[in-house]
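Small disclaimer: the values here were computed from a predicted structure and weren't measured.
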Amino acid sequence: MSRPEFVAPPEIYYGDTEAKKYTQNTRNQQIQADMTYRALELLNLPPDEPAFLLDIGCGSGLSGEILDEEGYLWAGVDVAPSMLEVALEREVEGDLFLQDIGQGFGFRPGSFDGAISISVLQWLLNAETSHPTSSPPHRLTRFFTTLHSALKNPSRAIFQFYPTSDDQIQLITSIAQKAGFGGGIVVDYPNSKKARKVFLCLFVGQQKQQKLPEGLDGEEEEQEAKVRFERRREREKTRSKGKRKSVKDRDWILKKKELYRKRGKDSVPNDSKYTGRKRKTYF
């Protein structure tokens with residue numbers, strides 16, 4: 001993939017120290033986890049099946065870790081080199097690309113089974129220069145047009161973002177629709193200033209005419225998200241450093257290996273009668 005020259009706005013540029021502090025902040029981890037789990041719910045992928053997802057604005061890999069835990073393969077793109085460096089240091093499992101999403105993507109058509117994005121889409125509303133091709137409508141058009149091509153038919157793309165006005169929402173959704181997407185806006189906790197979250201839920205292909213999911217609206221659902229995050233933190237505390245993730249069953253492993261082969265991965269082990277078999281532990 002090409003890496004076009006791009007000067008990131010100061011709001012989204014992180015130095016090495018700032019990127020590490022952001023990643024290590026417990027509050028940031030909780031917010032990112034909550035919104036990633038919610039994005040996956042809205043993505044509505046078939047259960048217990050491997051999928052290849054695109055994490056748009058992947059940063060230091062906080063969302064990617066959850067994708068790993070849920071059994072998905074993924075690739076991530078981000079404009080901040082320092083955030084990607086932190087992701088590499090943390091040894092996330094996704095493929096990482098330095099990319100200004102406003103320049104569009106260069107992935108092969110139909111590469112991904114879905115896409116998620118957390119707290120990124122609003123940055124496309126910034127004009128980087130006075131040149132017409134740097135205007136928000138041009139950047140949004142390149143972004144949505146190339147993303148639509150990179151997604152399989154049918155599939156979904158879920159964006160959590162922070163619009164500052166209804167005009168921004170209208171601009172984003174209208175350009176996405178012109179690029180071929182169906183769908184629209186889903187709002188969680190609309191009556192809460194603190195918990196309110198806006199999601200753009202886009203459909204490709206046969207899903208275009210589907211009904212939008214309903215937004216969450218209740219303290220019980222919000223509390224469930226907090227409990228889920230705390231459970232995840234406890235799992236992370238008890239997991240020894242460098243310990244491999246638990247092995248899935250044979251069918252799951254075979255599907256994941258086949259997905260790797262379709263992606264062109266080298267050195268994928270051959271299938272055999274030993275695939276997925278638990279090894280004995282010797283002391």
Side-chain angles (χ1 to χ4, degrees), residues 1-3 36-37 39-40 43-78 81 83-99 101 104-118 146-158 204-205 207 232 235-236 239-282:
M1 175 183 293
S2 61
R3 298 184 177 183
T36 301
Y37 281 121
L40 287 174
L43 205 56
N44 195 34
L45 292 164
D48 302 321
E49 289 188 14
F52 185 33
L53 304 181
L54 178 62
D55 185 358
I56 302 168
C58 62
S60 56
L62 293 178
S63 293
E65 285 186 337
I66 294 173
L67 298 181
D68 290 336
E69 291 176 3
E70 295 298 310
Y72 299 116
L73 304 176
W74 61 280
V77 297
D78 201 278
M83 295 296 276
L84 294 178
E85 285 293 333
V86 174
L88 290 173
E89 290 176 7
R90 298 172 67 237
E91 298 182 345
V92 299
E93 295 191 9
D95 297 324
L96 303 176
F97 298 88
L98 178 64
Q99 177 73 32
I101 61 175
F105 300 111
F107 297 112
R108 290 182 297 180
S111 294
F112 299 98
D113 299 297
I116 66 167
S117 179
I118 307 299
T146 54
L147 175 62
H148 188 276
S149 174
L151 292 171
K152 288 183 179 179
N153 181 354
S155 63
R156 293 187 181 187
I158 308 298
V204 177
Q207 294 189 355
R232 180 173 179 269
R235 291 199 304 269
E236 290 296 321
R239 180 183 297 169
S240 60
K241 187 177 181 181
K243 184 178 179 181
R244 294 185 64 183
K245 297 180 177 62
S246 59
V247 177
K248 306 291 183 179
D249 61 29
R250 177 181 171 84
D251 290 341
W252 189 93
I253 293 173
L254 291 174
K255 290 179 180 178
K256 190 167 184 179
K257 288 167 67 176
E258 181 62 24
L259 190 54
Y260 272 129
R261 294 187 183 105
K262 290 181 179 178
R263 290 176 56 195
K265 285 279 188 178
D266 295 329
S267 303
V268 179
N270 293 327
D271 302 334
S272 72
K273 64 181 181 180
Y274 300 107
T275 300
R277 179 179 295 185
K278 293 184 179 179
R279 297 183 180 182
K280 294 182 180 179
T281 303
Y282 298 92

Minimum heavy-atom distance [X]-[Y], with the two atoms named:
X	Y	value
G205	N153	CA-OD1, 3.0 Å
L151	A157	CD1-CB, 4.0 Å
A87	G59	CB-O, 3.8 Å
I116	A39	CG2-CB, 4.1 Å

[X] vs [Y] side-chain heavy atoms within contact, under 4.5 Å:
X	Y	value
C58	I118	no
L53	L67	yes
L147	F105	yes
D55	D78	no
Y72	D113	no
R156	N44	yes

Report the distance from atom [atom1] of [X] to atom [atom2] of [Y], rounding to the nearest 0.5 Å.
X	Y	atom1	atom2	result
S155	K152	OG	NZ	9.0 Å
W74	I66	CH2	CD1	11.0 Å
E69	T36	CD	OG1	10.5 Å
F52	L73	CZ	CG	7.0 Å
S111	L54	OG	CG	9.0 Å

Check each of V92, V77, L98 against L84 using the side chain to side chain contact (heavy atoms under 4.5 Å, CB included) test, and report the only one that passes. L98

What do the steps show when you test R90 against E65 for side-chain contact (heavy atoms from CB on, under 4.5 Å), and what is the final call? CA-CA 10 Å; R90 298 172 67 237; E65 285 186 337; 2.6 Å; yes

Not counting sequence neighbours, which residues clear side-chain hydrogen bond (donor to acceptor under 3.5 Å, both in side chains) with D271? List them please. K257, R261

Quick check: does any side chain N or O of Q99 sit under 3.5 Å from a backbone N or O of G104, one acting as donor and the other as acceptor?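 Yes; judged by distance alone, with no hydrogens or angles, the pair exists.
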
Ring centre gap for F107 and F97 strictly below 6.0 Å: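 Yes, ring centres under 6.0 Å apart.
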
